[in-house]
> 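Sharing a structure with you now.
Scope of the values below: all heavy atoms of this structure, side chains included, with no hydrogens, waters or symmetry mates.
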Amino acid sequence: MRGTIPISVEQAARGVTRWDALAVLLTLGLLVFFAEASRHLWQPLAELQQAPLSLSPEHLPEYAARTTLRMFLALILSLVFTFTYATLAAKSRRAEVLLVPLLDILQSVPILGFISVTVVFFMSLAPGRVLGAEFAAIFAIFTSQAWNMAFCFYQSLRTVPTELTEASRTFQLTRWMHFWRVEAPFAMPQLIWNMMMSMSGSWFFVVASEAISVGNTTVTLPGVGSYIALAIEQKNLWAVSWAILTMLVVILLYDQLLFRPLVAWADRFRFEQQAGAVPPRSFVLDVLRRSKLVAALNAPLSRLWRRSLHLRFFAAPRRAPAAIDDNRRHWGDWLWLAIVTTLAALALWRVERFIFTGVSLPEVGRALLFGLATLARVLVLIAIASAIWVPVGIYVGMRPRVAQTIQPVAQFLAAFPANVLFPLAVSGIVVFRLDPDIWLSPLMILGTQWYILFNVIAGASAIPSELRDIGANLQLRGWLWWKKVALPAVFPYYLTGAITASGGSWNASIVAEVASWGDTKLQASGLGAYIAQATEAGDLPRIVLGIAVMSLFVVVINRLFWRPLYWYAERKFKLG
C-alpha cells in the first residue's frame, strides 16, 4: 500500500485553499487566546488585591478565558499522568500492587485536602507572583480530572481483546509498537469520553480551586469559579445567571473545537464498526485534514513518530528459562510486597503521630461516625443514579446519531456546579423546614453521576456487532435481552464509572454537606462538612484526620465491593 507523498511547504504555498485559510484562522485564534489568557501570570499578587473581583458581566469573557486555560493545562497534565501511571499499573504486576490502591486513595482525597497541603508549596515556586497561585489552581483542577482518566485507561488496557494481542504477536510488534498500534487505539474512544467527563466535572471544583481560604492563606484568582463564589456570597442571582450562560458558551466552544474533533478522529479505532452507522463528523477536523499547509507542517513530525515506533530499544527481552524465571519472580514478588508493606506502615505511623499531636481519641471516633453518615449517602445515591443512567446510557450508546446530539447536553449537565443550586437548595430547605441531612445529599451526586452515564455510553457503543446479531437471531426481547446482551456487555464500563462516581461523591461531599446563600448557612452531619469546617479553621490535624478517614472508607469499600466486581467483570466479560 502506497504512503502519502510528502508535501513541501513551498508546494503547499502555491495552492493555498479555503481550507488552508480556515486552518490558519483557527490556529491564530488559539494563539491569541493563549496569549491573552496567560499575560497576567507574572503579575504581582498585590495587584490582585488592588483590583478586586467584579461581578460586572463585561469581565466574564476574560474570567472565562483564564478558567478555560487552567482547565486545559490541567487536562494536558492529566493525559501525561494517565499514559504513564495507568500504563505502569496495567503492565507491571508488582507496580499494580502499589499503584491501584494508591489511585483509590488519591481519588478519595478531597480537593480541599490537596489545596491545604500544596498551596503554600506552589506559591513558593513564584514568590509574590500570580504564577504561584496559578500553579496551585491548576494542580487542584488536575486532581479533579486525572484519577478518572487514569482508571478508565487502566481498565481498557486490562481488557484488550485477545485476538488483537495475538495479531500483535503474529506480526512480532515490539512492546512500544504494541502499545501505540494496538492498546492505545483500543482504549482511545473510552478515554476521550472520560476526558470530556473529566473536563466537565472539573467545573464542579473550579469554585474551590479559584476561591479558597486555608487558615491565614487566601487565594482568589479571577475566573468563573471565583465569580460564582462572590455572586453566592452577595446573593446576586443575576450574576449567577450570567455565570451559567458563560459556562454554556465555553462548553459549546471546547466541544466544537476540541472534543467533537477528537470523537470523530477516534471513531476509526473502534473495535467493532456498526454496519450502516453514520460516523461522527467534525467541521474542525475536516478543515485540518483538507488543509495542505497543515499536512506540510505535520509531515516531518509524522516521519519522526513513525521512526520512533521502530526503535529496537523497546523490543521484547529474551525469555529466561521457565524454572529460573518463576523462582526469581516468586522471590521478587515477596520482596516487593515486603517493601510496599513497610512503606505503608511507615506512612500510617507518620500520619498517626501527626494527627494525635492535636486530636484526641474521641475526636477520631467522631470522625468515623461522620464517615458512616457520608457512606450511607454515597451508597444510596450511587444506587439511584445507576438505576436511572444505565438504561439511558445503553439506549444512547447504541444509537450514534442520538449520542452526537446528547454529547454537548451531557457535558453541560456534568459541568453544572452544585454551588449554583445553593440558592434553590437553601431557600427550599428553609421555607419548607426540611432536614438538611437528607435534602442536601442530592448535591453530592449532581456532578459525579455523569461518570456512570458517560462510561455506559462508551460501553454500549462498543458492543460487538456479532453479539447484537446473536441477540436478534435468537429473538431476545425485554428483560431477557437486557440480562443476556446489554448489561453484561456494558458491565466493565459501568464499574469504571461507578467506582469513579463513588470516589467523586465522597470528594463532592465537602461542597455539598455545607451550603450557604448569603448569611444563611446549612450543614448536614457528615465527613465532608467535618473537613470543610477544619479547612476553614486551618486546623491541619483535623484536616488530615478527615482525609485519612475518608481515604480509609473509600479504600475499604473499593477493596471489598468494587474491586471484586471489577475482577469478575474482567474475567467473565472480556472481549475475545
> Do Val284 and Arg260 have side chains that get closer than 4.5 Å, going by heavy atoms?
no
> I'd like to know if the side chain of Trp562 reaches the main chain of Leu495, judged simply by a donor and an acceptor atom lying under 3.5 Å from each other, with no hydrogens or angles considered.
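Looks like no, no N/O pair under 3.5 Å.
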> When you measure from the centre of the six-membered ring of Phe72, is the NZ or CZ of Arg70 closer than 6.0 Å and no more than 45° off the axis?
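Negative - Arg70 is either too far from the ring of Phe72 or too far off its axis.
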> Could you give the distance from CG (Leu131) to CD1 (Ile138), rounded to the nearest 0.5 Å?
8.0 Å
> Could you go step by step and tell me if Thr143 and Trp147 meet the side chain to side chain contact (heavy atoms under 4.5 Å, CB included) rule?
CA-CA 7 Å; Thr143 61; Trp147 322 138; 4.0 Å; yes
> In a check of side chain to side chain contact (heavy atoms under 4.5 Å, CB included) between Asn148 and each of Ile499, Thr82, Thr500, which one passes?
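By the side chain to side chain contact (heavy atoms under 4.5 Å, CB included) criterion, Asn148 pairs with just one of Ile499, Thr82, Thr500: Thr500.
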> Rounded to the nearest 0.5 Å, what separation is found between the CD1 atom of Ile388 and the CD1 atom of Ile445?
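That separation rounds to 9.5 Å.
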> Is the shortest side-chain heavy-atom distance between Met71 and Leu75 below 4.5 Å?
no
> If you define the side chain from C-beta out and look only at heavy atoms, does anything of Leu53 sit under 4.5 Å from Pro222?
yes
> Whether the side chain of Thr159 engages the backbone of Gln155 through a donor-acceptor N/O pair (distance < 3.5 Å, no angle test) should be reported.
yes
> If you measure from the Lys or Arg side-chain nitrogens to the Asp or Glu carboxylate oxygens, is any gap between Arg129 and Glu134 under 4.0 Å?
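Looking at Arg129 and Glu134, the cut-off is not met.
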> Passes side chain to side chain contact (heavy atoms under 4.5 Å, CB included), Arg289 versus Trp265? Steps please.
CA-CA 10 Å; Arg289 281 174 171 170; Trp265 169 77; 4.1 Å; yes
> If we only count heavy atoms from C-beta on, is the Leu258 to Met195 side-chain gap below 4.5 Å?
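Side-chain contact under 4.5 Å: no.
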> Does some side-chain heavy atom of Trp389 sit less than 4.5 Å from a side-chain heavy atom of Val456?
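Side chain of Val456 against side chain of Trp389, heavy atoms only: no contact under 4.5 Å found.
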> Do you know the tightest heavy-atom contact between Ala243 and Tyr227?
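Closest approach of Ala243 to Tyr227: CB-CD2, 3.9 Å.
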> Taking the side chain from Thr68 and the backbone from Ala64, do they hold a donor-acceptor pair closer than 3.5 Å?
yes
> Where is the tightest heavy-atom contact between Pro442 and Leu381, given as atom of each residue plus distance?
CA-CD2, 4.3 Å
> Kindly indicate whether the side chain of Cys152, heavy atoms from C-beta on, has any atom under 4.5 Å from the side chain of Leu191.
yes
> To the nearest 0.5 Å, tell me how far Thr67 OG1 sits from Ile228 CD1.
8.5 Å
> Can you find a side-chain donor-acceptor pair between Glu96 and Tyr154 that sits under 3.5 Å?
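On atom types as modelled, these side chains qualify, holding a pair under 3.5 Å.
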> Run Ser505 and Ile382 through side chain to side chain contact (heavy atoms under 4.5 Å, CB included) and show every step you take.
CA-CA 9 Å; Ser505 296; Ile382 292 297; 4.1 Å; yes
> What heavy-atom pair brings Ser202 and Ile141 nearest, and what distance separates the two atoms?
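Distance-wise, the nearest heavy atoms are CB-CG2, 3.8 Å.
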> When you measure from the side chain of Ser209 to the backbone of Ala140, do you find a donor-acceptor pair of N or O atoms at a distance under 3.5 Å?
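No, the answer is negative, given that no donor and acceptor are paired below the 3.5 Å cut-off.
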> Counting only heavy atoms not in Arg181, do more than 12 sit closer than 6.0 Å to its CZ atom?
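12 or below, so no.
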> Under 4.5 Å between any side-chain heavy atoms of Leu443 and Leu440, yes or no?
yes
> Give the minimum heavy-atom separation between Ser386 and Tyr494, together with the two atoms involved.
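Heavy atoms of Ser386 and Tyr494 come nearest at OG-OH, 2.7 Å.
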> Name every donor-acceptor pair, under 3.5 Å, that has one atom in a side chain of residues 85-92 and the other anywhere in the protein, sequence neighbours excluded.
unit_1, atom_1, unit_2, atom_2, d
Tyr85, OH, Leu99, O, 2.5
Thr87, OG1, Phe83, O, 2.8
Lys91, NZ, Glu183, OE1, 2.5
Lys91, NZ, Glu183, OE2, 2.4
Ser92, OG, Ala95, N, 3.1

> Consider ring-ring contact (aromatic ring centres under 6.0 Å, His included). Of Phe153, Phe142, Phe151, Phe139, which one does Phe81 pass it with?
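Answer to the ring-ring contact (aromatic ring centres under 6.0 Å, His included) test with Phe81 among Phe153, Phe142, Phe151, Phe139: Phe142.
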> Using 0.5 Å steps for rounding, measure from the CG atom of Asn558 to the CG atom of Leu103.
9.5 Å
> Taking atom types as modelled, is there a side-chain donor on Thr374 or Glu513 under 3.5 Å from an acceptor on the other?
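Yes, because at least one side-chain N or O of Thr374 sits under 3.5 Å from a partner of the opposite role on Glu513.
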> Give me the ring orientation class for Trp180 and Trp176: parallel if the planes are under 30° apart, tilted from 30 to 60°, perpendicular past 60°.
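Trp180 and Trp176: perpendicular rings.
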> How long is the straight-line distance from CD1 of Ile251 back to CE of Met196, given to the nearest 0.5 Å?
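Taking CE in Met196 and CD1 in Ile251, the distance rounds to 12.5 Å.
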> Checking Arg399 side chain against Tyr395 main chain: does a donor-acceptor pair fall under 3.5 Å?
yes
> Please name the pair of heavy atoms, one in Ala266 and one in Ile192, separated by the smallest distance, quoted to 0.1 Å.
CB-CD1, 3.3 Å
> Do the two ring centres, one from Phe259 and one from Tyr254, sit under 6.0 Å apart?
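Yes, they do, as the ring centres are separated by less than 6.0 Å.
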> How far apart are the closest heavy atoms of Gly528 and Ser509, and which atoms are they?
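Looking at all heavy atoms of both residues, the closest pair is CA-OG, 3.4 Å.
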> Would you check if there is a donor-acceptor pair between the side chains of Thr496 and Asn455 at a distance under 3.5 Å?
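Side-chain D/A pair, Asn455 to Thr496: absent.
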> Would you find a donor on one side and an acceptor on the other, under 3.5 Å apart, between the side chain of Gln145 and the backbone of Ser78?
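It does not hold such a pair.
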> Any heavy-atom pair between the side chains of Ser551 and Ile547 that's under 4.5 Å?
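A side-chain contact under 4.5 Å exists here.
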> May I ask you to decide if the ring planes of Trp193 and Phe454 are parallel, tilted or perpendicular, using 30° and 60° as cut-offs?
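The arrangement is perpendicular - the two ring planes meet at more than 60°.
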> I need the Ser282 OG to Leu257 CG distance, nearest 0.5 Å.
8.5 Å
> Could you tell me whether a side-chain N or O of Asn194 sits under 3.5 Å from a main-chain N or O of Gln190, the two making a donor and an acceptor?
yes
